[in-house]
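Structure first, then comments.
Whatever order the structure lists them in is the order used to number ligands and atoms, beginning at 1. Bear in mind that the values here come from a model prediction, so they are computed numbers and not experimental data. Side chains are part of it too, since the values below use all heavy atoms of this structure and drop only hydrogens, waters and symmetry mates.
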Amino acid sequence: MTGQVVRVEIDPDAAIATVDRRLFGGFVEHMGRGVYGGIVDPEHPTADAAGFRGDVIELVRELGVTTIRYPGGNFVSGFRWEDGVGPVPSRPARLNLAWHSAEPNTFGLDEFTRWLELVGGELMLAVNLGTRGIDAALELLEYANHPGGTALSELRRAHGRDDPYGVRMWCLGNEMDGPWQLGQMTPDEYGRIASRTAKAMRQLDPGLELVACGSSSADMPTFGKWERTVLQHAHDDVDYLSCHAYYEPIDGDLPSFLASGSAMDAFIRDVVAHADAVRDERGSSKTILLSFDEWNVWYQSRVPGTLPAGDDWPVNPPISEDDYTLADAVVVGDLLITLLGHADRVKSASLAQLVNVIAPIAAPAGAPAWRRTTFYPFSLTSRFGRGQSIPVRVASPSIETQQHGSVDAVRAAAVLDEDGVLSVFIVNRSVESAHRVEMSLVGGAGALLEATTLSDRDPWAANTADDPLRVVPAANDTAVLEGGSVRIELPPVSWTLVRVDRRSTISAEGCSL
Ligand code: AHR
């Protein structure tokens, strides 16, 4: 069924903000087969001398993740960083209480930084404010960032790393509002420890960028109160407040699930309002930025009962290795559209996670790594979403959803790069209707460079180990440039990238990657 024509208007000379490269961050946690089996697997045919999987490194590069948050997540609240550095044979095995598994500590900070150099990522490190505090945070900071001449900086050098790691961005704990968290705190308790830890860390290095924990989700009973209270304590000491959000279809309700981007949009607006309210109360001129450092589609409702339990403490149990569907990929694309639309306040974001666990990359033992459906919108948005985020006006028809009320069927974001190429990312969230989009660009457009769509006749179609290429992006041949406007047909439940060169007058026939 073809729906009505949807008019989209873009003025490339207006800008929301420069898109921070950190918006395309990732997240690696010691959880399930994320690290052991995912990043490192000495038995794998593509493993290098360090045991790093070469096939995974290639896909991580292709994915285009920038900053990678490490080592958790919930794991960080029991993290003993010193257990994971130095000669491997003398590292202690520990319990990973967050995920009821065993932590061999054969992979730690030094290995992760070496791996990051291979994939070209920036490290974003988290300190443990669950079972530990200021002292351990300062020691980790000294080990990581101090050039030399002190016990811990010399220890790093003795471990083979002369230059400091120079980690700029640090998370002050993780989800400290959550009852599942080791060392859960009240907002007052956390606000105080976040403020004190931040001040102490800045005594060592004033230039750090520090992230205080926001709520674990917008559904937490303390959401709002948590943000305001934490910032009342720590507003002047931190740069960012974190947001975490995971989405999944509830009872097969596809329209509501496809509207997850609207829920994320409301969440961001609320957090910004809380942060600005505290700023105004304090008469401060400082703007708190957002670090959306955990976001994704996660089939969280499938987790209970799948975790190891009792006396079973395996090293890398498979946890949350769901095969993603087309619908999941469209939601991920829409969440990225939402983040781009808030590029003025959301300066950092981490897709959670990276390999195997809640991940765009599947890395089976003994077999080649492959791309889950969500890989595609992320890699293409990361590749082409660099530049100025441009406001997009969409006169969209509405969709009624059970969870989110009335939402737009078509949503879009646009980014103008420094060469004058405009990339427009568009979703059609309608389950029934294709939509014909008429996209007018103020100032016109010289050439249509590309139109690529991710769609399938079955919204629940998934990439799987047996059929890893079921859902892949394809050229959208309906796209035409006429009189400075682009016309394109968007199938139901689809994600699309359109790229136009504003300046060039060369006509482009081929509309593919
Ligand atoms: O990413 C999985 C988990 O989700 C993280 O460990 C935690 O921070 C969040 O609840």
Side-chain angles (χ1 to χ4, degrees), residues 25-39 65 67-79 95-101 103 112 124-131 169-185 190 194 211-223 226 230 240-248 260 264 267 290-304 306-308 316-322 324 328 331-332 335 348-362 372 374 378:
F27 172 38
V28 168
E29 173 163 14
H30 285 244
M31 172 179 177
R33 296 193 324 111
V35 170
Y36 304 108
I39 288 177
V65 278
T67 306
I68 305 188
R69 181 168 173 255
Y70 177 82
N74 296 340
F75 173 78
V76 89
S77 294
F79 177 45
L95 296 176
N96 175 346
L97 294 177
W99 302 111
H100 204 283
S101 43
E103 173 51 61
F112 189 63
M124 176 179 181
L125 206 48
V127 300
N128 174 357
L129 293 186
T131 59
M169 212 166 165
W170 294 75
C171 301
L172 303 172
N174 176 70
E175 295 190 349
M176 297 309 302
D177 58 335
W180 56 86
Q181 203 67 226
L182 281 170
Q184 182 200 7
M185 292 175 193
Y190 175 71
V211 186
C213 297
S215 295
S216 309
S217 86
D219 297 330
M220 294 300 285
T222 48
F223 174 55
W226 176 274
V230 166
Y240 300 82
L241 190 63
S242 75
C243 302
H244 290 183
Y246 293 99
Y247 304 94
E248 68 180 310
S260 299
M264 183 194 244
F267 183 23
L290 304 196
S291 171
F292 215 120
D293 47 43
E294 286 188 36
W295 69 269
N296 204 347
V297 171
W298 181 12
Y299 286 79
Q300 221 167 335
S301 57
R302 295 181 190 162
V303 175
T306 65
L307 292 179
N316 57 352
I319 303 173
S320 291
E321 297 199 20
D322 295 293
Y324 284 124
D328 298 332
V331 168
V332 163
L335 297 174
S348 169
S350 306
L351 177 70
Q353 299 188 9
L354 191 59
V355 188
N356 284 332
V357 184
I358 330 173
I361 297 170
R372 294 194 174 122
T374 53
F378 188 96

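With contacts defined as side-chain heavy-atom distances shorter than 4.5 Å, the pair W295/M264 qualifies. For the pair P360 and L351, the minimum side-chain heavy-atom distance is below 4.5 Å. The closest side-chain heavy-atom distance from V355 to V28 is not below 4.5 Å. Contact annotation: the side chain of V76 approaches that of P71 to within less than 4.5 Å [non-hydrogen atoms, C-beta and beyond]. Between L335 and F292, the closest side-chain pair of non-hydrogen atoms is not below 4.5 Å.
In summary, of the residues considered (N128, D293, N74), a side-chain hydrogen bond (donor to acceptor under 3.5 Å, both in side chains) with N174 occurs for N74 alone.
Around ligand 1, the residues contributing at least one heavy atom under 4.0 Å from the ligand are F27, E29, M31, G73, N74, W99, N174, E175, Y246, E294, W298, Q353, I358.
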